2 protein chains.
Amino acid sequence: MAERVDKVAARRAELAAATLRTLAELGYARTSLREIAQNSEFSHGVLHYYFQDKVDLITHCVREYKAICVTRYDQVVATATTPAQLREGFLEKLAQTLVEEPHMHRLWYDLRNQSMFEPSFRVDVAAIDDSLERMVWRVVSRYADLVGTPPLVTPPVMYALFDGLFQQALLRQLAGDPAAAADLQAGVTAVVAQVVPADRAAVPG
Amino acid sequence: MAERVDKVAARRAELAAATLRTLAELGYARTSLREIAQNSEFSHGVLHYYFQDKVDLITHCVREYKAICVTRYDQVVATATTPAQLREGFLEKLAQTLVEEPHMHRLWYDLRNQSMFEPSFRVDVAAIDDSLERMVWRVVSRYADLVGTPPLVTPPVMYALFDGLFQQALLRQLAGDPAAAADLQAGVTAVVAQVVPADRAAVPG
DNA sequence: GGAAAATCTTGACGACTGTCCAGAGGGCGG
DNA sequence: CCGCCCTCTGGACAGTCGTCAAGATTTTCC
């Protein structure tokens, strides 16, 4: 019986992976179930065997997507012992994912935008946004610990700043700007310097 | 002859307005030409009389949209004579447009996102983004003048920060969060305090 | 092995899409 | 008054869409 469930879960994951590939390539507006099926090794009918409808399918994909993203910088946070190590490790991973996975990132922004129009996406999208905010805050608060000064903005604001910088960089990356990644690193560095000041007299209270 | 041109331009603008209304309501993914026509006083056939195809229509709308947005804060910049006046005026207009025109803003983010998938939108979207960046910079650099200290980040970074904050606020506003506008104002205030420091020994003699 | 259940394919359905076009309406110059 | 041209309508077209269900295929179990 447990094998049954696992088998079904595995197939659902397989179809979800094909869906994510298709969404990343075409975007939400142009992704159809038949296109998804063609990106898998099954026919289009099977999608309605494992998922109730299109919204159910995409919602499931969004939840799977979450698991991929959210631990991206945890390794860096866990291993860094100096502010410079953490900063450099983070900046490198940031630029790496921008250059190597721009399609997945534009998919995320696409789906988050859809949630502004389609209420059925809102709960899951908001949950992912919260996870990303916590991910950013794990990095920033660890960095603040290492430099000895607390961050000067709240977690939601911090996340919004990083998100804005990353989104602009993604637009330029997808437009073919070769300096997108480097400028993103510079921008993040400049902002962090202001918001988690390392040099200033680090005397709390 | 000039009247002919004006008449055509007026009708194009009329249809573009109906298109913008439809896009703001439904989003790019669910906007069809027939739906646009129903939001106007004409039939769907006329759209192909004034526009080459759907992409041409939407591109034209995006260009019109630009004119609406870009001068939003110029009045505040022109009339403010103290940092507090400028800050308060800007924050008020920022919150006002978030609350009163969330649909137009989600449309903008939707179209900007589409440009990540559809290269035909990229040029116009990038041009609008530049305009918005300059708009933000007019406000910030004027504010910096008034407080007597230069901004500590570049215009692109400054725009990315504001954009990130606004987008998060928009998500919450559309999800029904009544504190979205106030939190946006608080976030912007906090960031500006770090990035255009007012207090630090820079009082003009 | 054979029955039963799970899984997958295939084709169909009505609805909707962008695009095109034949022709209707109407105002204007002659 | 006619005829012309600009404007607009509404239907037709060839696709595509999500959804569904009947049947074929495979797997499971006794």
Side-chain angles (χ1 to χ4, degrees), chain A residues 1-62 110-111 114 117-121, chain B residues 1-62 110-111 114 117-121:
Chain A
M1 170 150 97
E3 300 169 6
R4 273 271 168 274
V5 176
D6 286 357
K7 208 100 181 280
V8 168
R11 176 92 348 139
R12 282 169 68 95
E14 194 176 349
L15 293 170
T19 306
L20 277 175
R21 278 197 301 273
T22 311
L23 282 168
E25 183 191 354
L26 299 178
Y28 177 82
R30 277 170 289 280
T31 292
S32 69
L33 297 181
R34 284 169 176 84
E35 196 80 31
I36 293 169
Q38 274 195 330
N39 278 13
S40 79
E41 53 180 3
F42 303 99
S43 70
H44 68 272
V46 83
L47 290 169
H48 278 87
Y49 184 78
Y50 287 100
F51 299 93
Q52 190 176 354
D53 54 17
K54 195 185 182 184
V55 170
D56 181 35
L57 169 61
I58 292 186
T59 298
H60 187 265
C61 288
V62 171
D110 196 14
L111 294 177
Q114 287 306 315
F117 294 93
E118 190 139 359
S120 37
F121 288 168
Chain B
M1 170 148 103
E3 301 170 6
R4 276 272 169 271
V5 176
D6 286 355
K7 207 101 180 277
V8 168
R11 177 87 355 130
R12 282 171 68 96
E14 194 176 349
L15 293 171
T19 306
L20 277 176
R21 278 196 301 273
T22 311
L23 282 168
E25 183 191 356
L26 300 179
Y28 177 83
R30 275 171 290 280
T31 292
S32 70
L33 296 182
R34 284 170 176 82
E35 195 81 32
I36 293 169
Q38 274 195 331
N39 278 13
S40 78
E41 53 181 2
F42 303 99
S43 72
H44 69 271
V46 82
L47 289 168
H48 278 87
Y49 183 79
Y50 287 100
F51 298 94
Q52 192 176 354
D53 56 17
K54 194 184 181 183
V55 170
D56 181 33
L57 169 61
I58 292 186
T59 300
H60 187 266
C61 288
V62 171
D110 195 14
L111 293 176
Q114 287 307 314
F117 295 93
E118 189 138 359
S120 38
F121 288 169

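Below, chain A is the first sequence line, B the second, and so on; all start at residue 1. What you are looking at is a predicted structure, and each value in this text was computed from that prediction instead of being measured. These values consider heavy atoms only, across backbone and side chains, with no hydrogens, waters or symmetry-generated copies.
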B:Y50 near the nucleic acid: base, sugar-phosphate alone, or nothing, with a heavy-atom cut-off under 4.0 Å? sugar-phosphate
Hey, what are the protein-to-nucleotides 13-15 of chain C N/O distances that come in under 3.5 Å?
none

Nearest-angstrom distance from the residue atom CG of A:L47 to P of C:dT7: 15 Å
Approximate separation, where rounding is to 0.5 Å, of B:C61 SG and B:L15 CG: 9.0 Å
A:Q52 or B:V46: which one's nearest nucleotide on DNA chain D is closer to the 5' end? B:V46
With side chain to side chain contact (heavy atoms under 4.5 Å, CB included) as the criterion, how do B:F117 and A:L26 come out once you've worked through the C-alpha distance, each side chain's angles and the decisive distance to 0.1 Å? CA-CA 7 Å; B:F117 295 93; A:L26 299 178; 5.8 Å; no
Could you tell me the separation between the NE2 atom of B:H44 and the C1' atom of D:dA12, rounded to a whole number of Å? 9 Å
Select one nucleotide: of D:dC20, D:dT7, C:dT7, the one nearest the side-chain heavy atoms of A:V8. C:dT7
B:R30 vs B:E25, salt bridge (Lys or Arg N to Asp or Glu O under 4.0 Å): CA-CA, chis, key distance, verdict: CA-CA 9 Å; B:R30 275 171 290 280; B:E25 183 191 356; over 6 Å; no
With heavy atoms under 4.0 Å as the rule, sort B:Y49 into base, sugar-phosphate or nothing. base
Spacing between B:L33 atom CG and D:dA12 atom P, to the nearest angstrom: 19 Å
Calculate the interatomic distance between A:R30 atom CZ and D:dG15 atom C1'; express it in whole Å. 17 Å
Hey, does A:D110 have a side-chain heavy atom less than 4.5 Å from the side chain of B:Q114? yes
Could you give the CZ-to-C1' distance, from A:F42 to C:dA6, as a whole number of Å? 14 Å
Please check the phosphate of D:dC17 (OP1 and OP2 only) for any side-chain N or O of A:S32 closer than 4.0 Å. yes
Round to a whole Å and report the spacing from NZ of B:K7 to P of C:dG26. 14 Å
side-chain contact (heavy atoms from CB on, under 4.5 Å) partner of A:I36, the single match among A:L20, A:T22, A:I58: A:T22
Could you please name the option among C:dT7, C:dT19, D:dC17 that lies closest to any side-chain atom of B:K54? C:dT19
Is it the case that B:K54 places NZ or CZ above or below the six-membered ring of B:F121, under 6.0 angstrom from the centre and within 45 degrees of the axis? no
Could you state the atom-to-atom distance from NE2 of A:H48 to P of C:dA12 in whole Å? 19 Å
What's A:S40 touching, base or sugar-phosphate or nothing? Going by heavy atoms closer than 4.0 Å. nothing
Once you apply a heavy-atom cut-off of 4.0 Å, does B:S43 come out as touching a base, just sugar-phosphate, or nothing? base
B:I36 CD1 to C:dT17 P, in whole Å, measures 10 Å
Given side chain to side chain contact (heavy atoms under 4.5 Å, CB included), test B:H60 with B:Y50 step by step and report yes or no. CA-CA 11 Å; B:H60 187 266; B:Y50 287 100; over 6 Å; no
